Amino acid sequence: MKTLWLLAWLSGDGEHKGGLLDIDPGLMIWTIIIFILLLILLGKLAWKPIIKTLQEREEKIKNSLDQAEKARRDAEQLIAKNEEILSRANREAQDIMKKAKEEAEKLRFDYAVKAKEDSDKMVASAKKEIENEKNTALMHLKNEIAGIAVEAAGKVIGANLDADKHKKLIDDFIKELPVNKN
């Protein structure tokens with residue numbers, strides 16, 4: 001409703017001449033001539049600086065796009081390089097861990113072998129010491145038996161023989177006895 005009223009007001013109601021929607025051929029010709037003169041004037045004075053500014057701006061945008069593309073390629077190269085370095089570092093870390101595990105396993109094996117050798121030496125030493133103690137005890141026992149035998153023999157034959165001869169007789173007797181290896 002408001003639109004119809006606005007159109008009626010703009011076009012006039014037939015009583016007024018010179019409304020906005022009225023066609024005036026003289027005004028139209030002058031408007032076209034002024035527009036063409038304005039275009040020629042702008043073409044002479046303003047068109048070249050505008051074109052130059054637009055070309056500079058286009059060149060600047062093109063350079064910016066080229067730089068952005070170059071930066072993108074550089075970034076991709078850096079990413080690829082970083083990934084390669086990271087991959088190499090991971091491989092080196094795995095190699096180091098593998099070597100460390102091998103070294104630890106070797107050390108564990110070496111310590112186990114050394115412990116076995118030490119225990120074998122201790123067992124051999126203990127056996128040797130036991131054997132020495134056994135031999136010492138046997139010798140001591142032989143001497144005791146010899147002394148007891150000399151005394152008993154002296155009492156039996158009623159005569160006192162030379163102690164060295166008795167001892168030799170008893171030692172010979174003991175040597176002839178069977179030896180128990182255990």
Side-chain angles (χ1 to χ4, degrees), residues 1-137 180-182:
M1 182 73 160
K2 287 183 177 182
T3 308
L4 290 176
W5 181 80
L6 183 61
L7 284 175
W9 182 75
L10 288 174
S11 67
D13 52 358
E15 297 174 7
H16 302 290
K17 286 240 176 192
L20 285 177
L21 296 179
D22 290 341
I23 296 175
D24 186 2
L27 181 62
M28 189 178 344
I29 290 172
W30 279 110
T31 303
I32 292 172
I33 289 171
I34 289 174
F35 183 72
I36 291 172
L37 287 176
L38 182 63
L39 282 178
I40 291 171
L41 184 64
L42 285 177
K44 295 276 185 184
L45 298 178
W47 191 254
K48 288 184 181 179
I50 290 172
I51 294 296
K52 184 180 176 187
T53 303
L54 289 175
Q55 286 175 344
E56 287 173 359
R57 184 172 178 155
E58 181 182 351
E59 189 67 28
K60 187 176 178 181
I61 290 171
K62 185 179 178 186
N63 288 339
S64 295
L65 289 174
D66 290 343
Q67 287 176 352
E69 180 64 24
K70 184 178 181 242
R72 186 187 63 79
R73 282 183 290 192
D74 290 345
E76 287 177 355
Q77 288 176 350
L78 284 175
I79 288 170
K81 193 173 184 178
N82 285 340
E83 286 177 354
E84 181 182 331
I85 290 170
L86 183 63
S87 175
R88 191 175 340 139
N90 282 337
R91 283 193 306 266
E92 288 176 2
Q94 288 176 353
D95 289 344
I96 289 170
M97 289 181 63
K98 183 180 177 183
K99 287 179 183 176
K101 283 182 180 178
E102 290 173 356
E103 288 290 325
E105 185 64 28
K106 183 181 177 197
L107 283 175
R108 187 186 67 77
F109 179 75
D110 290 346
Y111 284 135
V113 167
K114 182 160 177 48
K116 174 91 169 100
E117 289 174 357
D118 288 346
S119 70
D120 289 345
K121 285 180 184 176
M122 289 175 68
V123 168
S125 175
K127 283 182 179 178
K128 187 175 180 180
E129 189 174 327
I130 289 170
E131 188 66 28
N132 288 340
E133 289 294 325
K134 180 181 165 186
N135 289 338
T136 302
N180 189 1
K181 294 284 181 180
N182 294 332

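In what follows, every heavy atom counts, from backbone to side chain, and hydrogens, waters and symmetry copies are set aside. This one's a predicted model, so the numbers in the text were calculated from it and none came from an experiment.
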Identify each donor-acceptor pair in which a side-chain atom of residues 117-131 lies under 3.5 Å from a protein atom, sequence neighbours left out, and give them as a table.
unit_1 : atom_1 : unit_2 : atom_2 : d
S119   : OG     : A115   : O      : 3.3
S119   : OG     : K116   : O      : 2.8
D120   : OD1    : K116   : NZ     : 3.4

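- The distance from atom OG1 of T136 to atom NZ of K134, rounded to the nearest 0.5 Å, is 12.0 Å.
- With sequence neighbours excluded, the residues satisfying salt bridge (charged side-chain N to carboxylate O under 4.0 Å, His left out) with E84 are R88.
- In this structure, CD on Q55 lies 9.5 Å from OG1 on T53, to the nearest 0.5 angstrom.
- When side chains are defined from C-beta on, E59 counts as touching N63, because their heavy atoms get closer than 4.5 Å.
- In this structure, S87 contributes its side chain and E83 its backbone to no donor-acceptor pair below 3.5 Å.
- Here salt bridge (charged side-chain N to carboxylate O under 4.0 Å, His left out) pairs that include residues 91-107, with residues two or more places apart or in two chains, are E105-R108.
- Residues satisfying the side-chain contact (heavy atoms from CB on, under 4.5 Å) criterion with L65, sequence neighbours excluded, are I61.
- By the salt bridge (charged side-chain N to carboxylate O under 4.0 Å, His left out) test, R57 pairs with no residue at all, sequence neighbours left out.
- Screening residues 68-78 for salt bridge (charged side-chain N to carboxylate O under 4.0 Å, His left out) gives E69-R72, R72-E76 as the qualifying pairs, with residues at least two apart or on separate chains.
- Just one residue in the list I36, I29, I34 forms a side-chain contact (heavy atoms from CB on, under 4.5 Å) with I32, and that residue is I36.
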